[in-house]
Trainee: 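The structure that follows is given in the form of structure tokens.
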Amino acid sequence: MKTLNKILILTLSAMTFVGCEDFLDKSALGQLTNEEFFVTEDDAVAAVVGATSIYKDYRYTRSIWSFGDITSDDATASGSDNDVSAARRWENLAFHADYGRIGDRWNACFRAINRAMQAIEGIEKMEAGIFKNYKQNYLIGEAYFTKAYFYFEAVRTWGDLPLITATPVLADKNKRRSPKEEVYALIESDLTYATQNLPRKKELDSKDLGRATSDAAWALLAKVYLYQGKYAEAKKAIEDNLLPLVPAEYDLMENYEDIFSMLHEHNKESIFEINFRHKSDDKGLTTTGNYSAYAQGPRPFAGYGGNQPLQLLADAFESGDERKDATLLTIQDLENWETAADFSSLEFNRTGYYNQKVYIKPSERIGTESIFTMPNNLRIIRLSEVYLIYAEAVCKLGTDDALAREYLNKVRRRAGLLDNTTATGEALFDAIINENRYEFAMEGHRYFDLVRTGKAEAVLSSPAFKAVKPNAVFRPGYSELFPIPQSEIDNSQGYITQNPM
């Protein structure tokens, strides 16, 4: 009989962070069967929260910029000398299977996937009449969305993966990797269910903002299609299900900087974002705060300084692009905003820039007596990304450059760039990919975008890049995927195989 870990569901489901389980959660400290646990609506909600809590796990959120920014031409690993030394091989694209953040990302993804699968199977067996506050299919849909989200994070990181299609049991630790095409097919299936069963964002009660919606499922599905080169499917998903919601339900924020302000959380551009908040009794790993934001803040008064933008990124912005100031926190900004004592304590500043998108000014900073209590939300999917996915899909289909330019130029005009792009064909595609860089700089997109578009070797071998990171070497056939944690290969007794290294 399938089992649920009692600690997993009854305790950790209500917490933001979780313990260091292996890829498959092991039985421990007694068991409850699905039938014994899934009795009340609260049980079902707790099971879903147990899965969605991984969105907030600092080991996952920290991996977003560790994998997407410091490996690219946008940023460098910073912080203390020890921090930099630990990340140096990684930043140089000499990926190694024993790097701790590899294990953190793998474990976070599969904890979420496993918990979501447990929730799905348990809730499906419950009587429909039990559900009074939430529709049964809503909770199942939220679990499917979570499972799909983390499988997408995993497949674009590692390629072929073990497929979890039933509540995991101990024997599943020996599951072999399935081809990435099968993983993507499962993600598409899970998201299709979510699109059909989740509520729209406009239907959410204010207390439920931050939970998955059908709008978010459609947006993520379009992105999944894009990664596979399914341009017609991506175009149709957006055209039929998201563009009709503009401007009544979604629209671009007028001021780019406002997207990241705590005053504008869940704004009209936000399709999916992860809630964080401050509690006065937050302690250590039980925090509800955004550790990842703190980890990037200026050290020591506002963070660890772990992810600093490069001058390469600063120089890449076009003249007049308002996103530059909204993305790059400068030393002059810090001198203007911080107290003289804090500013004078700044240390390990390696580039002269910090990530403005996660920075909180002193007047708004809450609870910095604990490093885990920064309350700013993490934006995951917003309308500008939908526009650029749409523009790219239309461009790659090669049938309507004018339509692709229209949506590219919507994003550019919001950034204060009034000269519309007139490019066509491959030049238009390049313009769209460049726009992704400027729009999502320091949000963990860059390395994955370079790899998926086949531009990584050229960009990461360019003289400008080599001048900054002379020891970084992108190796075609190897560097497109990250290594699987060696501990997972060992735990599986070799059933899980390693990526080329």
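A quick note: this is a predicted structure, and the numbers were derived from the prediction, not measured.
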Trainee: So, does Glu203 use its side chain to make a donor-acceptor pair with the main chain of Arg200 at under 3.5 Å?
Mentor: yes

Trainee: Just do the side-chain hydrogen bond (donor to acceptor under 3.5 Å, both in side chains) check on Tyr231 and Glu392 with the steps written out, would you?
Mentor: CA-CA 8 Å; Tyr231 303 117; Glu392 184 176 342; 5.2 Å; no

Trainee: Which heavy-atom pair separates Gly210 from Phe272 by the least distance, and what is that distance?
Mentor: O-CE1, 3.5 Å

Trainee: Does Arg299 pair with Asp83 as a salt bridge, N-O distance under 4.0 Å?
Mentor: yes

Trainee: Between Asn377 and Asn275, is any pair of side-chain heavy atoms under 4.5 Å apart?
Mentor: yes

Trainee: Checking Arg452 side chain against Tyr227 main chain: does a donor-acceptor pair fall under 3.5 Å?
Mentor: no

Trainee: Name every donor-acceptor pair, under 3.5 Å, that has one atom in a side chain of residues 418-432 and the other anywhere in the protein, sequence neighbours excluded.
Mentor:
residue	atom	partner	partner atom	Å
Asn420	OD1	Arg413	NH1	3.3
Thr421	OG1	Arg412	NE	3.3
Asp430	OD1	Lys455	NZ	2.5

Trainee: Report the residue from Tyr55, Phe150, Tyr291 that forms a ring-ring contact (aromatic ring centres under 6.0 Å, His included) with Tyr60.
Mentor: Phe150

Trainee: Within a strict 4.5 Å, meaning less than it, do heavy atoms of the Thr327 and Gln356 side chains meet?
Mentor: no

Trainee: With distance as the sole test, does Asn267 use its side chain to make a donor-acceptor pair with the main-chain N or O of Glu269 at under 3.5 Å?
Mentor: yes

Trainee: Just by modelled atom types, is the Val155 backbone N or O under 3.5 Å from a matching donor or acceptor in the Lys180 side chain?
Mentor: no

Trainee: Is Arg437 salt-bridged to Asp74, cutoff N-O under 4.0 Å?
Mentor: yes

Trainee: Looking only at non-hydrogen atoms, find the nearest pair between Ala472 and Phe465 and report the distance.
Mentor: CB-CE2, 3.7 Å

Trainee: State whether the side chain of Trp158 and the backbone N or O of Pro483 hold a donor-acceptor pair below 3.5 Å, judged by distance alone.
Mentor: yes

Trainee: Please find the pair of heavy atoms, one from Pro375 and one from Ile360, that lie closest to each other, and give the distance.
Mentor: CD-CD1, 3.8 Å

Trainee: Kindly say whether Phe348 contributes a backbone atom to a donor-acceptor pair with the side chain of Ser78 at under 3.5 angstrom?
Mentor: yes

Trainee: I need the full list of side chain to side chain donor-acceptor pair (under 3.5 Å) pairs touching residues 466-484, with sequence neighbours left out, sorted by first then second residue.
Mentor: Glu91-Lys469

Trainee: Check the side chains of Arg89 and Tyr99 for a donor-acceptor pair under 3.5 angstrom, ignoring hydrogens and angles.
Mentor: no

Trainee: Considering non-hydrogen atoms only, spot the tightest contact between Met442 and Gln308 and give its length.
Mentor: CE-C, 4.3 Å

Trainee: Say whether Tyr354 and Gln296, considering side chains only, have a donor N or O and an acceptor N or O under 3.5 Å apart.
Mentor: no

Trainee: Within the side chain of Glu435, is there an N or O that forms a donor-acceptor pair under 3.5 Å with the backbone of Leu388?
Mentor: no

Trainee: Over all heavy atoms of both residues, which pair between Asp449 and Thr453 is shortest? Give the atoms and the distance, please.
Mentor: O-OG1, 2.6 Å

Trainee: Answer yes or no: is there a side-chain heavy-atom contact under 4.5 Å between Asp400 and Lys235?
Mentor: no

Trainee: Quick check: closest heavy atoms across Ala116 and Ala51, and the distance to 0.1 Å?
Mentor: N-CB, 3.6 Å

Trainee: Return the set of residues passing side chain to side chain donor-acceptor pair (under 3.5 Å) with Ser63 (not counting sequence neighbours), or none when no residue passes.
Mentor: Arg105

Trainee: Would you say the side chain of Val459 lies within less than 4.5 Å of the side chain of Phe474, judging by non-hydrogen atoms?
Mentor: no

Trainee: With Arg382, which of Glu265, Glu443, Glu273 fulfils salt bridge (Lys or Arg N to Asp or Glu O under 4.0 Å)?
Mentor: Glu443

Trainee: Just so I know, are the side chains of Phe67 and Ile102 near enough to count as touching, which here means a heavy-atom distance under 4.5 Å?
Mentor: yes

Trainee: Test Tyr438 against Val411 for side chain to side chain contact (heavy atoms under 4.5 Å, CB included), laying out the working first.
Mentor: CA-CA 10 Å; Tyr438 312 137; Val411 177; over 6 Å; no

Trainee: Between Asp208 (side chain) and Arg211 (backbone), is there a donor-acceptor pair under 3.5 Å?
Mentor: no

Trainee: Determine whether a donor-acceptor pair (N or O, by modelled atom type, separation under 3.5 Å) exists between the side chain of Gln498 and the backbone of Ile484.
Mentor: yes

Trainee: If only side-chain N and O atoms count, and only distance matters, is there a donor-acceptor pair under 3.5 Å linking Thr330 with Asp333?
Mentor: yes

Trainee: In the structure I gave you, are the side-chain heavy atoms of Asn241 and Thr195 within less than 4.5 Å of one another anywhere?
Mentor: no

Trainee: Mind checking whether His445 and Phe440 have parallel, tilted or perpendicular rings, split at 30° and 60°?
Mentor: parallel

Trainee: For a 4.5 angstrom cut-off between non-hydrogen side-chain atoms, does Glu338 reach Leu346?
Mentor: no

Trainee: For Arg379 and Lys357, what are the C-alpha separation, side-chain angles and deciding distance, and is it a side chain to side chain contact (heavy atoms under 4.5 Å, CB included)?
Mentor: CA-CA 10 Å; Arg379 280 66 170 179; Lys357 292 177 178 179; over 6 Å; no

Trainee: Give a yes or no answer on whether the side chain of Gln228 reaches the backbone of Val224 with a donor-acceptor pair at less than 3.5 Å.
Mentor: yes

Trainee: Please determine, by modelled atom types, if Ser66 and Trp90 share a side-chain donor-acceptor pair under 3.5 angstrom.
Mentor: no

Trainee: Got a salt bridge between Asp215 and Lys201, using NZ or NE/NH1/NH2 to carboxylate O under 4.0 Å?
Mentor: no

Trainee: So, do Arg323 and Phe317 sit near enough that their side-chain heavy atoms are less than 4.5 Å apart?
Mentor: yes

Trainee: Salt-bridge test for Asp81 and Arg350: reply yes if a basic N is under 4.0 Å from a carboxylate O, no otherwise.
Mentor: yes

Trainee: Under a plain distance cut-off of 3.5 Å, with no hydrogens placed, do Tyr256 and Glu439 share a side-chain donor-acceptor pair?
Mentor: no

